[in-house]
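Whatever order the structure lists ligands and atoms in, that order sets their numbers, starting from 1.
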Amino acid sequence: MEIIKAYIEKHKDRFLEELLDLLRVPSISADPAYKQDVLKTAEIVKARLIEAGVDNAEVCVTPGYPIVYAEKMIDPSLPTVLVYGHYDVQPADPIELWTSGPFEPVIKKTEAHPEGAIFARGACDDKGQMYMHVKAFELMMNTDSLPCNVKFMIEGEEEVGSESLDGFVKANKEKLASDVILISDTGMLANDIPSITTGLRGLSYVEVEVTGPNRDLHSGLYGGAVANPINILTQMIASLQDEQNRITIPGFYDDVIELSLEERADMAKAPFSLDAYKKALDLSDIHGEDGYVTMERNSIRPTLDVNGIWGGYMGEGAKTVIASKAYAKISMRLVPGQDPDAITELFSKHFVRIAPKSVKVKVTPHHGGMPYVSPTDDNGYKAASLAMMDTFGKKPVPVRSGGSIPIVALFEQELNVKSILLGFGLDSDAIHSPNEHYGVFNYFRGIETISRFYKHFTDLTK
Ligand code: BES
Ligand code: MN
Ligand code: MN
């Protein structure tokens with residue numbers, strides 16, 4: 001058997017056990033209650049990198065959670081691959097919907113993963129995918145097949161906006177110099193349809209607060225005579241989209257770079273079943289912007305979605321009350337051409353403008369991020385494509401994703417290096433949801449593909 005496959009086969013059980021151990025630590029970056037666990041995870045990642053054979057590894061202190069940096073430099077004249085990933089995870093709630101503990105990983109079979117999938121928060125996003133890189137590196141070290149230099153930069157704040165990474169990248173441009181950035185934090189179409197992600201959406205995220213009367217009121221005594229902030233907020237939100245499901249904020253689409261008909265025709269070649277899509281989500285019909293198909297709506301078109309909305313009485317039974325305040329969290333996914341700060345500004349102005357005089361409105365921006373597109377004709381993409389072909393026996397299709405990894409655009413801007421989004425998750429893996437999982441098949445095939453990437457990239461670049 002060929003060296004790569006043989007090494008994985010031999011060390012399979014340990015590779016799995018090590019990942020399960022990593023998944024047992026609840027590294028939830030959003031919740032300060034888990035601070036010690038997040039810090040502990042950084043130390044574990046560092047230790048594993050050292051065991052795998054890096055020359056030096058550090059847990060770099062930042063104003064937030066630390067960044068694990070490590071490198072193996074074999075020859076400065078050879079190309080350098082910079083691996084990025086994140087060791088932090090999303091909160092696990094709603095916890096009651098998990099069929100097993102979010103931090104007690106177990107392997108169970110699913111329809112998409114007949115060989116079994118690891119159920120745990122972070123299994124796919126991103127501990128499982130990040131750890132494939134550590135194991136691929138170990139494999140290359142122990143089989144004397146590392147063909148170039150490697151640097152690792154694994155952060156702990158991706159799920160909360162990568163705030164500290166921004167400063168780290170700007171302050172360490174030399175240290176982070178590389179020829180390509182390799183990231184596994186996205187997905188592929190299906191286990192028998194390999195694909196490479198060629199784009200990410202950007203993000204503008206705001207919180208809005210609508211205030212009516214200065215205190216909660218009896219809805220009988222005052223109802224009908226004062227503005228109810230919940231009624232007003234829902235009307236305002238409803239007005240943000242028209243009958244064509246287009247966003248009504250003036251100027252919102254002005255800078256959108258439209259795809260050519262040819263590019264759209266290319267996109268339509270990627271396999272997609274609307275029936276399977278609806279069935280998987282238990283939907284009787286789909287929804288979205290007129291003039292675009294589902295695969296376009298969730299990748300090349302910008303969106304506006306309410307992520308949460310609250311206010312008033314939410315306890316048991318009925319309480320007759322007009323709340324003083326109502327709130328919503330709203331995200332806008334952005335596409336190339338759109339600038340998150342400019343969009344946040346357009347949103348804020350518009351939201352204040354459409355508010356009736358009977359209420360006060362406050363808009364608070366949260367983190368944002370730039371969209372990203374990558375070429376399909378450079379060495380990074382070519383190497384990824386060849387590596388996937390070796391592993392899966394099929395040429396991967398390029399696919400633009402609807403998700404966001406805001407730091408990728410910053411890498412391009414600050415380091416002037418393109419990122420290859422070589423992800424192995426499936427949409428059905430339930431990232432950010434209860435029962436997140438990652439296919440055992442995907443984990444091992446990922447390790448295999450990553451190991452192959454280095455060889456192809458070095459051959460193409462040398
Ligand atoms: N890994 C995801 C992003 C992703 C997943 C992209 C699947 C493409 C396919 C990442 O961890 C994530 O969740 N990003 C956030 C943005 C961030 C600013 C919190 C997102 O997309 O909501
Ligand atoms: Mn992620
Ligand atoms: Mn995520």
Handout entry: contact_flag Gly369 ligand 1 heavy-atom lt 4.0 Å
Key = no
Using distance only, find each side-chain donor-acceptor pair of residues 123-131 under 3.5 Å and give its atom names and separation, not counting sequence neighbours.
| residue | atom | partner | partner atom | Å |
| --- | --- | --- | --- | --- |
| Asp125 | OD1 | His86 | NE2 | 3.0 |
| Asp125 | OD2 | His432 | NE2 | 3.0 |
| Asp126 | OD2 | His86 | N | 3.0 |
| Lys127 | NZ | Leu22 | O | 3.1 |
| Lys127 | NZ | Val25 | O | 2.7 |
| Lys127 | NZ | Ser27 | OG | 3.0 |
| Gln129 | OE1 | Phe424 | N | 2.8 |
| Gln129 | NE2 | Cys124 | O | 3.3 |
| Gln129 | NE2 | Thr186 | O | 2.9 |
| Tyr131 | OH | Glu18 | OE1 | 2.5 |
| Tyr131 | OH | Arg48 | NH1 | 3.1 |

Handout entry: Asp266 with Lys269: basic N within carboxylate O range, under 4.0 Å
Key = yes
Practice task
From atom 15 (C) of ligand 1, work out which of Gly423, Gly368, Ser299, Ser404 has a heavy atom at the shortest distance.
Solution key: Ser404
Handout entry: Side chain to side chain, Phe392 and Arg445, heavy atoms closer than 4.5 Å
Key = yes
Exercise for the section: Going by the side-chain contact (heavy atoms from CB on, under 4.5 Å) test, name the single residue among Ile67, Val134, Val68 that passes it with Ile154. Expected result: Val68
Exercise for the section: Kindly confirm or rule out a cation-pi arrangement of Lys151 over Tyr69, judged by NZ or CZ under 6.0 Å from the six-membered ring centre and within 45° of its axis? Expected result: no
Completion exercise
Listing protein N, O or S under 2.8 Å around the Mn ion (ligand 2) gives His86 NE2, Asp125 OD1, Asp185 OD1, Asp185 OD2
Exercise for the section: Could you tell me whether some N/O pair between Asp125 and ligand 1 is separated by less than 3.5 angstrom? Expected result: yes
Exercise for the section: Enumerate the atoms of ligand 1 whose separation from the nearest heavy atom of Pro406 is less than 4.0 angstrom. Expected result: 18 (C)
Handout entry: Heavy atom of the protein closest to atom 4 (C) of ligand 1 (residue, atom name, distance)
Key = Asp185 O, 3.6 Å
Practice task
Before accepting this row, confirm whether a basic side-chain N of the pair Glu51/Lys46 lies closer than 4.0 Å to the acidic partner's carboxylate O.
Solution key: no
Problem - Ionic contact status for Lys170 with Asp166, cut-off 4.0 Å - result: yes
Handout entry: Within-shell test, Asp126 vs ligand 1, heavy atom, strictly < 4.0 Å
Key = no
Completion exercise
Restricting to heavy atoms, the pick from His367, His366, Arg333 nearest atom 22 (O) of ligand 1 would be Arg333
Problem - Ile431 to ligand 1, any heavy atom closer than 4.0 Å - result: yes
Fill in the blank from the handout: Residue pairs passing the side chain to side chain donor-acceptor pair (under 3.5 Å) test with at least one member in residues 369-380, sequence neighbours excluded, are none
Practice task
Return the residue, atom name and 0.1 Å-rounded distance of the protein heavy atom closest to atom 6 (C) of ligand 1.
Solution key: Gly403 CA, 3.7 Å
Practice task
Counting heavy atoms only, name the option from Gln90, Arg400, Glu158 that's nearest to atom 11 (O) of ligand 1.
Solution key: Glu158
Exercise for the section: Looking only at distances, please establish whether an N/O atom of ligand 1 is found under 3.5 Å from an N/O atom of Ser401. Expected result: no
Exercise for the section: Could you tell me whether Glu289 and Arg301 have a side-chain N and a carboxylate O separated by less than 4.0 Å? Expected result: yes
Practice task
May I ask you to test the Asp339-Asp255 pair for a side-chain heavy-atom distance under 4.5 Å?
Solution key: no
Handout entry: Element-labelled atoms of ligand 1 that are located less than 4.0 Å from some non-hydrogen atom of His86
Key = 11 (O)
Exercise for the section: Please work out whether any backbone atom (N, CA, C, O) or any side-chain heavy atom from C-beta onward of Ser162 is under 4.0 Å from ligand 1, and answer side chain, backbone, both or neither. Expected result: neither
Exercise for the section: Measure the distances from the heavy atoms of Arg201 to every atom of ligand 1 and state whether one is below 4.0 angstrom. Expected result: no
Handout entry: With Asp427 via side chain to side chain donor-acceptor pair (under 3.5 Å) - residues at least two apart
Key = none
Exercise for the section: Cation-pi check, Arg246 to Tyr253: give yes when NZ or CZ is under 6.0 Å from the six-membered ring centre and within 45° of the ring axis, no otherwise. Expected result: yes
Handout entry: Side-chain touch Pro94/Pro434, heavy atoms, less than 4.5 angstrom
Key = yes
